[in-house]
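Computed from heavy atoms alone, side chains included, the values below leave out hydrogens, waters and symmetry copies. Just so it is clear, the model here is predicted, and its values are computed rather than measured. Whatever order the structure lists them in is the order used to number ligands and atoms, beginning at 1.
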Amino acid sequence: MSLNQIIVEFLMERGAIKVGFANKETLAGGPPSIDLDYRLEGAKSAISFALPMNRDHIRLFLSKKDRSPHENDNIETNLRCKDLSWELAAMLKEEGHLSKGCAANQKYRQDTEDWMLYLHPDLSHRYMAVRSGVGSFGWSGNVGIKDFGTAIMLGTAVTTAELEPTDPEPEEEQFCDQCKMCVSACATDMFDRNKEDSITLGGKEFKYSYRNEIMRCNLCCGGITGLSSSGKWSTWSPGRYDLPWEQEKLVEVAINASQAYAKRPTIPGGYINVVNNERTYMTCGNCQIVCWGNKKETAENVKILHSSGCVIQEPDGEIRVYPGEEAAEKFGRLPSEHQKLYC
Ligand code: SF4
Ligand code: SF4
């Protein structure tokens with residue numbers, strides 16, 4: 001049995017749905033986050049794998065019936081990806097190959113002054129996954145797999161072992177049919193409906209949507225804002241900012257909104273955000289979780305999200321959900337000092 005086969009078996013036995021391999025040649029030409037040495041000096045290969053997320057919990061989250069089951073599943077699956085990558089690294093070390101696991105999320109490069117605005121990862125799980133054929137890019141820029149869509153989590157381990165790289169998914173095996181329903185699931189229009197972007201890794205080009213401004217996602221996914229431009233639905237965030245398109249103005253809003261966010265009442269549950277060390281809670285990820293790799297199910301998910309209403313936070317911290325117009329009305333009746341924390 002080759003080392004590649006041993007690794008595939010090791011990960012599949014522990015719940016992975018797909019496994020792939022990349023090396024410095026197949027990743028060549030990519031951005032800094034493909035640099036295996038940044039994670040482990042002398043690393044020669046990356047092992048990429050995916051775990052599925054719980055769909056019933058996703059539906060509860062999208063409909064705003066219950067946030068916690070998906071939040072817990074998301075955190076647990078992230079932790080499972082991290083743990084599994086370290087379990088694999090330990091197994092490879094026993095085989096005589098220096099290896100390291102990776103955090104599945106919340107691990108960012110801190111070597112530029114504005115790192116908190118852009119949150120570049122130390123290693124990109126997505127690039128490892130698409131180049132090694134674990135999955136392919138969906139229009140949203142999330143990575144997905146046929147029949148699973150993008151409702152998956154990715155994990156990566158790096159090793160000094162020389163593993164045989166695997167090919168990207170052939171077009172006929174890719175899940176994304178360009179339905180663009182993920183675009184309608186983003187409250188802040190972070191990625192474009194028509195404009196395309198691409199990245200080249202090891203001589204192969206990978207395409208996905210143009211990112212209009214990544215900070216729009218950081219503000220929304222970070223829980224600071226969540227009201228959609230239609231005003232009819234929101235994420236789980238009670239924030240109601242109208243985000244400007246001009247970069248300078250957006251940075252100004254981001255700074256003021258972050259300060260106001262820190263003064264909001266605490267919401268139960270959640271996790272510690274490593275960027276500001278504050279307790280935060282899962283409010284979005286919608287572009288990722290709506291796509292199930294099946295047009296009918298994805299359409300149902302977007303329909304559920306768009307009819308899920310808007311979130312308001314009362315001065316006592318209580319989170320309430322109302323239909324869009326009613327939420328605007330209730331929000332308008334809150335004390336003005338409290339309103340200032342959300343818009
Ligand atoms: S919803 Fe899924 S299948 Fe449709 S465009 Fe987005 S990523 Fe592709
Ligand atoms: S995570 Fe939320 S805010 Fe970020 S791009 Fe996806 S849908 Fe938009």
Residue and atom name of the nearest protein heavy atom (relative to [atom]), distance in Å to one decimal:
atom                    : answer
atom 6 (Fe) of ligand 1 : C182 SG, 2.3 Å
atom 5 (S) of ligand 1  : K180 N, 3.1 Å
atom 4 (Fe) of ligand 1 : C179 SG, 2.3 Å
atom 2 (Fe) of ligand 1 : C291 SG, 2.4 Å
atom 7 (S) of ligand 1  : W139 N, 3.4 Å
atom 8 (Fe) of ligand 1 : C176 SG, 2.3 Å

Could [X] and [Y] be called an ion pair, given the rule that one side-chain N must be under 4.0 Å from one carboxylate O?
X    : Y    : answer
E314 : R320 : yes
E300 : K296 : no
E169 : K18  : yes
D197 : R211 : no
E297 : R59  : yes

Which residues and atoms, protein N, O or S only, are under 2.8 Å from atom 2 (Fe) of ligand 2?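 Result, waters dropped: C284 SG.
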Proximal atoms of ligand 1 relative to G138 (non-hydrogen, under 4.0 Å):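 Atoms satisfying the 4.0 Å criterion: 7 (S).
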Atom indices of ligand 1 within 4.0 angstrom of Q178 heavy atoms, with elements: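 Counting atoms of ligand 1 from 1, those under 4.0 Å from Q178 are 5 (S).
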Which residues share a side-chain contact (heavy atoms from CB on, under 4.5 Å) with Q313, sequence neighbours left out: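 For Q313, the residues satisfying side-chain contact (heavy atoms from CB on, under 4.5 Å) (neighbours in sequence not counted) are P238, R264, P265, I267, I319, Y342.
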Residues that K204 engages under side-chain contact (heavy atoms from CB on, under 4.5 Å), provided they are two or more places apart: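 K204: side-chain contact (heavy atoms from CB on, under 4.5 Å) contacts with R131, P168, F206.
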What I want to check is whether the side chains of S99 and T159 have a donor and an acceptor closer together than 3.5 Å.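 Judged by distance alone, the side chains do pair up.
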Would you kindly say whether S140 and N142 are connected by a side-chain donor-acceptor distance under 3.5 Å?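 Distance-only check passes for S140 and N142.
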With sequence neighbours excluded, tell me which residues meet salt bridge (Lys or Arg N to Asp or Glu O under 4.0 Å) with E87.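 Salt bridge (Lys or Arg N to Asp or Glu O under 4.0 Å) list for E87, sorted by chain: R14, R80.
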Are any of the heavy atoms in D177 under 4.0 Å away from ligand 1?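 Distance cut 4.0 Å: D177 passes for ligand 1.
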